[in-house]
Novice: 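Before anything else, here's the structure in question.
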2 protein chains.
Amino acid sequence: MSNIITKLREAIGPKKVITDETELDKQRHDYWVVSHLRDYLAQQSEHALCIVRPRETADVQAILKLANETRTPVMPYGLGSGVCGGVLANAKAILLDMSAMNRIVDIDETNLLATFEAGKNGLEAEEAVAAKGLTIGHWPQSIGVSSVGGWVATRASGQFSTAYGNIENIIYAIEAVLPNGEVVNIGISPRAASGPDLRHIFLGSEGTMGVITKVTFSLRRQAQERAYSAFYTSTMAEGIEAQRQIIQLGYTPPVMRQYDNSEVRRNFAETVRDEDGLLIMVHEGPTAMVAAEKAAIAEIAKKSGLDEAPEAAVTKWLSSRNHVPSWTSLFEQNVVAETIEVAAPWTKIMDVYDQVVASLNEVPGIVNASGHSSHVYRSGINLYFTFAAYLEDKEALEAAYFDCADRVLKATAANAGTISHHHGIGRARRDYLVNDLGKGGVALLQTIKRAIDPNHIMNAGVLIPDD
Amino acid sequence: MSNIITKLREAIGPKKVITDETELDKQRHDYWVVSHLRDYLAQQSEHALCIVRPRETADVQAILKLANETRTPVMPYGLGSGVCGGVLANAKAILLDMSAMNRIVDIDETNLLATFEAGKNGLEAEEAVAAKGLTIGHWPQSIGVSSVGGWVATRASGQFSTAYGNIENIIYAIEAVLPNGEVVNIGISPRAASGPDLRHIFLGSEGTMGVITKVTFSLRRQAQERAYSAFYTSTMAEGIEAQRQIIQLGYTPPVMRQYDNSEVRRNFAETVRDEDGLLIMVHEGPTAMVAAEKAAIAEIAKKSGLDEAPEAAVTKWLSSRNHVPSWTSLFEQNVVAETIEVAAPWTKIMDVYDQVVASLNEVPGIVNASGHSSHVYRSGINLYFTFAAYLEDKEALEAAYFDCADRVLKATAANAGTISHHHGIGRARRDYLVNDLGKGGVALLQTIKRAIDPNHIMNAGVLIPDD
């Protein structure tokens, strides 16, 4: 029995420290396809030294103090839905599982604030505020399997972000425990100019700067009205240009998604029209505003040469939007697949799209290279690529995955795009981070990391390139 | 002649290094009333060792490298319009004046991006994009006398923030030079999940983390339509509650300002109605959206018991909004005055208002204690207090100032409000920062500061409490 395990049991109680092999085996990694592929091919990764399941902030403090004193690696774990390899257990590390910190701390209907412990399931959090006519307004595809703390730690985006913002626009306050065991509480007001906004040390930190223990969101009232629009796009570029017009004229439908023809055929079989793509929208807000927005956008679309498409495409998307096929079902068919979301300014985005798709199509065994947009900004837009490769030799799937991912990230970076719109960096994209931050930015991040975590106990191998 | 001055002249050229006493005397401080009062009372502060006026980023790098090697204090200076004592020269420090870095680097009408050197005058930057039908959308009262880099360094807000956001919502990219002379460029995409958003190390850093050298803004097209609304509020609380309804129902007029009766009498003499306050709004956007918003808000106001007021109050505000009386004209009348902007959640803001005004009215010599709101959020609102004290003995004005400021900040902190909505911290509020960040947050800020500026050369005495 390791000394640290004994100490952990003394510090937070034996029930919260798990060393059962079956339990440890269940939590070896997140939802990164590579980890699942290795499992499938019986290339089992090691499990953690132990799992700790804190029940309150004081437990997290005790765990980190012990880990820091003993230089024991710590790997924070929310609900395991990350897709970039941010969790990969090793036999020397404590896996800090936040799932037992899942209480609703407070819902304040006057200030539209809701505070949850970080391990709270996202959908449960949303349902709790929905019961009061409110919404967090954050709808990642993973909402049913991700934690509210994970949303913050990965800088997540929701499907309704074009109006309601990404997680950094929804967060109000963060409680976190630093690697030395000290607690910080940042965010007492809707806005402040009290120095650098320290919430951003934790937003996107992926467990490298400490452990997020509570989050407070600034909610919205549920929209009075909802309406839908859908349009055919004869080319990807035509639809992108229409979206630019719409957002730059001041309209922000919460959902605005444009699929290329390949994705229309896969996801909207009832709506396929020749080689066209599809642009779908959800409008929400006060009744009069929704009507005005929908009418104005129909006019812009018409002027942009887009034909109206059946609104049923939008309701179809709404009802099926969070369905994700299991990795294993694909491996069974000798297929590895992945989605990678990037973003770029308007003038670069078609080069990103064209070059990524062309490059993916050069990969031996490629059976799908497609994309859609799903988050729109005044100065640019994201693209969400999906690739799939089929190979006779399943042992060759991992190399095909890395070849494809490299092509997506390199073609994006070559066109001044970010290599991560909202999935984070994890292990999958760490070697590409320099494209976003430059050498100076990476060095700055390393400097901050060393200062906050001088013993380098927090989630080594993730996000931050080694010095 | 100091050795450092010789080295600076060698490094960046003699013309950019100023030691003329008259020039040095002109740039001893910012617009903090206390510095001006001390000048007025002939309690002259010392001037800097020298002023350096870099013309490009490489100059800033050379200056900071030299300063860092020689442990010489550096005080960044934009255009000197700060109001919290963020600039106060001392005889051992280099005053780094950014005003000569004032070029327009690029205006990109497709991506709605504009890049300026940090010393660019804000109004000149706005006019440059306005000539192309665009707007930065950031209208601080100081727009004509502040720099775009200063906006970022102080986490500024503009008068149209309720729709267009504060500076952190408008900024796209930041170029900065770290204390060690290295350059970082952060922000290549409209949004990224590539680790912590490092722009926030500089947003609000007030010269303590390095020198901002270039900023890129995500612009807007100028609004198609503008309209106005104005309402009388029989109590401060009634208008605050109406504003809460408006924003929480999903309406965001860019300008929404509510004045108490004292401020109506001072600023809107033509519109005074008994003891009423006044709530004014500017609506902007596509024509149909503006009409829908104005009509809906009129309905909400009616239900909230507010009477319509003349729209001329709004146009009057628009035309006179950036007029600020000179401190000296007040000192001449034996008066010291100040404005302090704070913010709090909706349920706390009336306690902040009532307690601040009541406490100020206890100060001997107080002749004004009033407030208005000017920035609205789903979860709360700001208040902008104005106080003025008259004392026979001008030497006693400074103590009266600190007494009043202390009352505003303490009453705000006692009600869970932030002690700075958008003026920053500087020297004036540094001792109160712990109310916003907690001891843990202050320690975290100090940790980051030590890591980025280990020789502690950048703007000592400002923002960050001493360890």
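Residue numbering restarts at 1 for every chain, and letters A, B, ... go by the order of the sequence lines.
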Novice: For a 4.5 angstrom cut-off between non-hydrogen side-chain atoms, does A:Asp197 reach B:Leu203?
Specialist: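 Result no, sub-4.5 Å side-chain heavy-atom pair not found.
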
Novice: Please identify, among A:Ala153, A:Ala223, A:Ala416, A:Gly165, the residue contributing the most non-hydrogen atom pairs under 4.5 Å to chain B.
Specialist: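 If we count pairs closer than 4.5 Å to chain B, A:Ala416 comes out on top.
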
Novice: As an exercise, state the distance from CG of A:Asn180 to OG1 of B:Thr447, rounded to the nearest 0.5 Å.
Specialist: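 Atom-to-atom, A:Asn180:CG and B:Thr447:OG1 are 7.5 Å apart.
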
Novice: Can you find a pair of side-chain heavy atoms, one from B:Ile448 and one from A:Ile201, that are under 4.5 Å apart?
Specialist: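 Yes; the side chains approach each other to less than 4.5 Å.
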
Novice: For the interface with chain A, which of B:Thr208, B:Asn382, B:Val184 has the highest count of heavy-atom pairs at distances below 4.5 Å?
Specialist: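 Heavy-atom pair counts peak at B:Val184.
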
Novice: Looking only at atom types and distance, does a side-chain atom of A:Arg378 sit under 3.5 Å from a main-chain N or O of B:Leu112, one as donor and one as acceptor?
Specialist: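 Answer holds: no.
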
Novice: Mind jotting down which residue pairs meet the ring-ring contact (aromatic ring centres under 6.0 Å, His included) criterion with at least one end in residues 165-189 of chain B? Sequence neighbours excluded, please.
Specialist: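 Not a single pair qualifies under ring-ring contact (aromatic ring centres under 6.0 Å, His included).
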
Novice: With a 4.5 Å cut-off on heavy-atom pairs, point out which of B:Ala295, B:Ser379, B:Ser205, B:Ala344 contacts chain A the most.
Specialist: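 When all of B:Ala295, B:Ser379, B:Ser205, B:Ala344 are compared, B:Ser379 has the most.
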
Novice: Please classify the contact of B:Tyr432 with chain A as side chain, backbone, both or neither, using a heavy-atom distance under 4.5 Å.
Specialist: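 B:Tyr432 has no heavy atom closer than 4.5 Å to chain A.
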
Novice: Does A:Thr347 offer a backbone N or O that forms a donor-acceptor pair with the side chain of B:Asn111 under 3.5 Å?
Specialist: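 Looks like yes, one N/O pair under 3.5 Å.
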
Novice: Could you tell me which portion of B:Glu341 (side chain, backbone, both or neither) has an atom closer than 4.5 angstrom to a non-hydrogen atom of chain A?
Specialist: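 No part of it gets close to chain A.
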
Novice: Within the 4.5 Å heavy-atom criterion, are B:Ile188 and A:Asn435 side-chain neighbours or not?
Specialist: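 B:Ile188 vs A:Asn435: side chains apart.
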
Novice: For A:Asn185, is it the side chain, the backbone, both or neither that has a heavy atom under 4.5 Å from a heavy atom of chain B?
Specialist: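 Only the backbone of A:Asn185 comes within 4.5 Å of chain B.
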
Novice: Test of understanding: with side-chain contact (heavy atoms from CB on, under 4.5 Å), list the residues that count as partners of A:Arg226, not counting sequence neighbours.
Specialist: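 In terms of side-chain contact (heavy atoms from CB on, under 4.5 Å), with neighbours along the sequence ignored, A:Arg226 is linked to A:Phe160, A:Tyr228, A:Val282, A:Glu284, A:Leu318.
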
Novice: Could you tell me if A:Arg191 and B:Ser157 have a donor-acceptor pair between their side chains, going purely by distance under 3.5 Å?
Specialist: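 Result is yes, a qualifying pair exists.
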
Novice: What part of B:Ile247 lies closer than 4.5 angstrom to a heavy atom of chain A: side chain, backbone, both or neither?
Specialist: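 Neither; nothing under 4.5 Å.
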
Novice: Identify which part of A:Ala156 has an atom lying under 4.5 Å from any heavy atom of chain B, answering side chain, backbone, both or neither.
Specialist: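 A:Ala156 touches chain B through backbone heavy atoms alone.
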
Novice: Top residue by heavy-atom pair count (under 4.5 Å) with chain B, among A:Ala343, A:Pro286, A:Ala291?
Specialist: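 If we count pairs closer than 4.5 Å to chain B, A:Pro286 comes out on top.
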
Novice: Taking B:Ala451, B:Gly195, B:Ala163 one by one, which has the highest count of heavy-atom pairs under 4.5 Å against chain A?
Specialist: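 So the answer, after comparing B:Ala451, B:Gly195, B:Ala163, is B:Gly195.
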
Novice: Could you state the interatomic distance from OG (B:Ser194) to CD (A:Glu206), rounded to the nearest 0.5 Å?
Specialist: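 The distance works out to 9.0 Å.
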
Novice: Write out, in numerical order, the residues from residues 438-445 of chain A with a heavy atom short of 4.5 Å from a heavy atom in chain B.
Specialist: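 The residues closer than 4.5 Å to chain B, in numerical order, are A:Gly440, A:Gly441, A:Leu444, A:Leu445.
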
Novice: Return the option, out of B:Arg244, B:Glu182, B:His422, with the maximum number of heavy-atom pairs under 4.5 Å with chain A.
Specialist: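 Sorted descending by pairs with chain A, the first entry is B:Arg244.
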
Novice: Using non-hydrogen atoms only, which part of A:Leu437 is less than 4.5 Å away from chain B: side chain, backbone, both, or neither?
Specialist: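 Both parts, heavy atoms under 4.5 Å.
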
Novice: A:His375 versus chain B, heavy atoms under 4.5 Å apart: side chain, backbone, both or neither?
Specialist: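 Neither part, no heavy atoms under 4.5 Å.
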
Novice: Just give me the residue among A:Gly250, A:Gly380, A:Ser218 that pairs up with chain B most often, heavy atom to heavy atom, under 4.5 Å.
Specialist: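 That would be A:Ser218.
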
Novice: Cut-off 3.5 Å, side chains only: do A:Ser189 and B:Thr418 have a donor facing an acceptor?
Specialist: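 Distance-only check fails for A:Ser189 and B:Thr418.
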
Novice: Please report the shortest heavy-atom distance between A:Pro190 and B:Pro345, naming the atom on each side.
Specialist: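 Answer, listing the atom of A:Pro190 first, then B:Pro345: CD-N, 4.2 Å.
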
Novice: Return yes if some donor-acceptor pair links the side-chain N/O of A:Gln248 with the main-chain N/O of B:Thr110 below 3.5 Å, else return no.
Specialist: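 Flag set: sc A:Gln248 to bb B:Thr110 pair under 3.5 Å.
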
Novice: Which atoms of B:Leu219 come close to chain A, meaning under 4.5 Å heavy atom to heavy atom: side chain ones, backbone ones, both, or neither?
Specialist: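 It is the backbone, since no side chain atom gets that close.
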
Novice: Of all of A:Ala292, A:Gly187, A:Ser420, which one pairs up most often with chain B through heavy atoms under 4.5 Å apart?
Specialist: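 So the answer, after comparing A:Ala292, A:Gly187, A:Ser420, is A:Ser420.
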
Novice: Do any N or O atoms from the side chain of B:Arg221 and from the backbone of A:Leu249 form a donor-acceptor pair under 3.5 angstrom?
Specialist: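 The answer is no, because no donor-acceptor pair under 3.5 Å joins these two groups.
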
Novice: Only counting residues at least two apart or in another chain, list the ones meeting side-chain contact (heavy atoms from CB on, under 4.5 Å) with A:Pro179.
Specialist: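 Scan of A:Pro179 (side-chain contact (heavy atoms from CB on, under 4.5 Å), adjacent residues dropped) gives A:Ile452, A:Asp453, A:Ile457, A:Met458.
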
Novice: Is a side-chain donor or acceptor of B:Arg155 paired with a backbone partner of A:Pro196 at a separation under 3.5 angstrom?
Specialist: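 Pair absent, no side-chain N/O of B:Arg155 close to backbone of A:Pro196.
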
